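Following: one structure in structure tokens, then a few remarks.
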Amino acid sequence: MLNQNFNEKVVMKSALIKSVSSPCKGVERILLERNEDTECAISTTVVEFKPNSYFDEHAHDFGEELFVIEGIFSDENGDYPAGSYLRNPHGSTHSPYSKNGCKLLVKLRQFNKLDTKKTFINTNNQSWLPGLVSGLEVMPLHNFEYENTALVKWKPNVEFSLHQHYGGEEIFVLEGTFCDEYGKYPKHTWIRSPHMSKHKPFTLDEGALIFVKTGHLLNK
């Protein structure tokens, strides 16, 4: 088991973590959280497909959520470039592959079974909305009950007020460096903060782009 105490803040700098092999040749994983050492695990990972690698057709019990970090991810339904957000609901199947290689943030078996919507958003083609403070922009990706998922773009040297996360918060830094009073989190850092945690985030000279989920840790 890895990072299964949901009452503690977890910070994983994926660039410093050694990848492990998957059951399919050419597909490797950086493990961020995992509840058991089987292919039926509830998990969050950074997955890298080497060129011309693939997974056999498989079903997603309790769903799959992914964001394409680099390259082009593909399955029988289409091609998904960097910046693509996908949700494959409970019971869905596909045969994923990558011709030229790609890197993904992947969350498995973490859906509510009632959340049945299949989603594909190419965030490169979507509009940004104003954030709560000047210098922030937000792109909503998904909402179901307490769970909210979005991209948040931070300009350089932006400060946000101290606030509390009902149902917790999970962040993956896509670009730049994200900061709060507890540390600095460079590109490809994963941060999970528990229910009712507080922080006061900010950016420095380079700004940041982050993938954010809130509210989904309420019952952990």
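Nothing here was measured: the structure is a model prediction, and the numbers come from that model.
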Is there a path of hydrophobic side-chain contacts, each under 4.5 Å between heavy atoms of I/L/V/M/F/W/Y residues, joining F178 to V133?
yes
Does atom OH of Y54 have more than 12 heavy-atom neighbours, drawn from other residues, nucleotides or ligands, at distances under 6.0 Å?
no
Please determine which of N148, T149, D115 meets the side chain to side chain donor-acceptor pair (under 3.5 Å) test together with H142.
D115
ILVMFWY cluster, W190 and L209 together (side-chain gap under 4.5 Å):
yes
Taking a hydrophobic cluster as the set of Ile, Leu, Val, Met, Phe, Trp and Tyr residues connected by side-chain heavy atoms closer than 4.5 Å, whether directly or through intermediates, do I42 and L31 fall within one such cluster?
no
Option passing side chain to side chain contact (heavy atoms under 4.5 Å, CB included) with L218 (candidates H195, M196, E145, E147):
H195
We want to know whether K107 and T44 form a side-chain donor-acceptor pair, criterion being a heavy-atom distance below 3.5 angstrom.
yes
Examine the side chains of T189 and K13 and answer whether a donor and an acceptor come within less than 3.5 Å of each other.
no
Do the side chains of F67 and F120 join up, straight or via other hydrophobic residues, at under 4.5 Å, putting them in one cluster?
no
Please state whether the rings of F62 and H90 are parallel, tilted or perpendicular, taking 30° and 60° as the class boundaries.
tilted
Got more than 12 heavy atoms from elsewhere within 6.0 Å of CZ, F160?
yes
State which residue, out of E33, E169, E170, fulfils the salt bridge (Lys or Arg N to Asp or Glu O under 4.0 Å) condition with R192.
E33
Taking the side chain as every heavy atom from C-beta outward, state whether H94 and H58 have any pair of such atoms under 4.5 Å apart.
yes
Test S43 against every option in L2, L32, N3, L108 by the side chain to side chain contact (heavy atoms under 4.5 Å, CB included) rule and name the one that passes.
L108
For the residue pair I72 and N100, establish whether any side-chain heavy-atom pair is separated by less than 4.5 Å.
no
Less than 4.5 Å apart, any side-chain heavy atom of T123 and any of L141?
yes
Nearest heavy-atom approach of K200 to S161 is CG-C, 4.0 Å
Shortest non-hydrogen contact from P89 toward T116:
CG-O, 3.4 Å
If you take the centroid of each ring, where Trp contributes its six-membered ring, are H188 and F172 closer together than 6.0 Å?
yes
Parallel, tilted or perpendicular, as decided by the 30° and 60° cut-offs, for the rings of Y85 and F211:
tilted
Heavy atoms, side chains only, cut-off 4.5 Å: are Y185 and I171 in contact?
no
Indicate the atoms forming the closest heavy-atom contact of P81 with N122, along with that distance.
CG-ND2, 3.8 Å
